[in-house]
Amino acid sequence: MKTNMIKFDNNRYVLQSIQLSEEARPQRGGISLPAVRELSRHHGNKTKMVATENHLDRSKFDKHSRAVNVSKELLWGCYKYKKGSLGVSREKADEISFTKMECSRSLPEAWIIGVKKCGSQMLTGLLDLHPEIVSSIYLERTDNMFLNKAQFVNKYSPWTSPKEMGLFDMVGLQNKPDVLRHVVHNLSTPNTLFILILIDPVKRALSDYVHCKIKMQSTKNIGSYLKERRLVWDGKSQKTSYDMVSLFKGYKIASTFEKSVFNLSGKPDIENGLIKKGLYFNYANAVLKLIPRDKLLVIDGQKFVTHPWEVLSTTESFLNVSNFFTPQHFRKEGKYYCPSLEERPDAGCVNGKGRKKPKVSPKVVRKLETFFRPYNRKLQSLVDEHFVWMH
Ligand SMILES: Nc1ncnc2c1ncn2[C@@H]1O[C@H](COP(=O)(O)OS(=O)(=O)O)[C@@H](OP(=O)(O)O)[C@H]1O
């Protein structure tokens with residue numbers, strides 16, 4: 001079957017006629033996702049594309065074929081993005097656009113499955129800017145996630161047009177093996193893809209420490225948890241060398257990072273969430289018992305900080321969508337890159353990410369690195385990935 005395509009290359013549109021397989025046949029009102037993917041295979045990953053069937057009406061397309069910029073809100077695919085005092089909110093587009101875009105809901109084609117403080121949220125947000133991806137994030141407790149397929153789709157699945165894929169980021173799965181099992185067995189198909197993003201566990205621990213401190217300060221009754229010179233754990237209290245310790249959702253948080261991560265004998269405290277969540281091998285091992293290796297992408301969160309466009313390019317190939325992100329889509333703020341897209345003025349740095357960290361002595365860092373090294377090496381051979389921090 002032949003279709004016409006507008007290829008967006010080097011800032012100009014080029015008309016091409018392409019032979020497509022039956023599977024990639026364009027759907028009513030636009031071109032199907034398999035078609036976009038097939039086109040992308042035809043032309044390698046270096047080209048951004050907008051495609052149409054049989055006729056070429058450029059006025060119908062902006063750069064990425066689905067965004068229409070309006071003064072205060074942005075219509076993008078099946079959603080309307082609004083900037084308010086609390087940031088950007090997203091709601092369903094109006095009925096006319098909705099029908100025109102043929103929006104519907106189905107199970108997400110891809111899931112982001114953690115780990116906490118490794119960059120999942122930034123990754124989810126960035127992928128949502130891709131013209132063929134709509135992502136949703138679920139930040140609440142996962143306890144009520146034992147929904148059947150229809151319930152999940154109706155409540156949480158992102159609305160997608162035929163040329164978009166849905167992606168879902170569920171935080172906290174590392175601590176909820178039963179929810180992960182439920183997701184794999186009941187909320188995905190054999191073709192569903194999974195993404196795991198990981199950073200150096202020492203950096204993760206520090207980031208989590210800062211996060212917990214801030215959360216603790218904003219938790220109203222935290223005063224009842226705090227005990228001077230006492231450790232409160234499972235309701236019992238015992239004398240410790242800590243000067244201020246708190247039990248906070250599986251964490252022990254003291255007044256300094258160092259006092260939090262080491263136990264009374266000076267060893268990394270494996271029961272403390274700060275350390276426990278950095279034992280990635282255990283989680284990856286559990287994940288790979290449920291998900292085939294070729295359906296799992298393991299991302300280096302460190303590289304994601306320094307070269308997000310490269311990591312996103314790998315992710316695009318894994319998700320089988322066209323290559324979209326380039327360094328031009330980012331601006332640097334401090335040591336982090338934030339998205340900057342003309343078509344998506346709603347996108348930017350994420351509030352509460354890239355927080356300032358307390359100084360930690362190199363001795364403490366080395367001690368933790370030595371502790372994590374054997375776990376990192378086991379992870380390296382398990383997933384067959386070689387990230388700098390794993391050595
Ligand atoms: N571009 C950009 N901007 C800001 N932060 C970035 C970015 N890329 C990756 N990171 C890293 O993401 C860390 C937060 O991770 P998560 O989004 O997974 O946190 S959370 O678990 O959802 O709370 C965040 O941790 P903190 O620096 O402690 O905030 C960063 O290490």
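Counting starts at 1 for both ligands and their atoms, in listed order.
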As a check for students: among G172, G301, G354, identify the option with a heavy atom nearest to atom 29 (O) of ligand 1.
G354
Tell me, which protein residue and heavy-atom name are nearest atom 27 (O) of ligand 1, and how many Å apart are they?
K357 NZ, 2.7 Å
Atom indices of ligand 1 within 4.0 angstrom of S207 heavy atoms, with elements
25 (O), 26 (P), 28 (O)
Charged N to carboxylate O below 4.0 Å: is that the case for D269 and K276?
no
Do the two ring centres, one from F168 and one from F152, sit under 6.0 Å apart?
yes
If hydrogens are left out, which of F330, F304, Y336 has an atom nearest to atom 10 (N) of ligand 1, that is, the closest non-hydrogen atom?
Y336
Just to confirm my output: which protein heavy-atom neighbour is closest to atom 20 (S) of ligand 1, and how far is it?
K353 NZ, 3.4 Å
Can you name the atoms of ligand 1, numbered from 1 with element, that are less than 4.0 Å from a heavy atom of Q121?
17 (O), 18 (O), 22 (O)
For the rings on H329 and F324, is their centre-to-centre separation under 6.0 Å?
yes
Compute the minimum heavy-atom distance from V210 to ligand 1 and say whether it is under 4.0 Å.
no
Would you call C118 a ligand 1 contact, heavy-atom distance under 4.0 Å?
yes
Are any of the side-chain nitrogens in D208 or K116 under 4.0 Å away from the carboxylate oxygens of its partner?
yes
Sequence neighbours excluded, the answer for ring-ring contact (aromatic ring centres under 6.0 Å, His included) partners of F304 is none
I want to confirm something. Looking only at heavy atoms, which of S120, G125, P308, G119 is nearest to atom 15 (O) of ligand 1?
G119
Considering only protein heavy atoms, which is closest to atom 21 (O) of ligand 1, and at what distance to one decimal place?
K117 N, 2.9 Å
Salt bridge flag under 4.0 Å for residues R377 and E385:
no
Is any side-chain N of the basic residue among K303 and E310 closer than 4.0 Å to the acidic one's carboxylate O?
yes
Name all residues meeting the ring-ring contact (aromatic ring centres under 6.0 Å, His included) criterion together with F318; count only those two or more places apart in sequence or in a different chain, and write none if there are none.
none
Looking only at protein heavy atoms, identify the closest one to atom 1 (N) of ligand 1 and say how far it is in Å.
Y337 O, 2.7 Å
Given F257, which partner from the list F262, Y251, Y209 fulfils the ring pair (Phe, Tyr, Trp, His ring centres under 6.0 Å) test?
Y209
Please write down residue, atom name and distance for the protein heavy atom closest to atom 9 (C) of ligand 1.
V305 CG2, 3.5 Å
Which atoms of ligand 1 have any heavy atom of R355 under 4.0 Å away?
26 (P), 27 (O), 29 (O)
Just jot down the ligand 1 atoms closer than 4.0 angstrom to any heavy atom of M122, in number order.
1 (N), 2 (C), 3 (N), 7 (C), 8 (N)
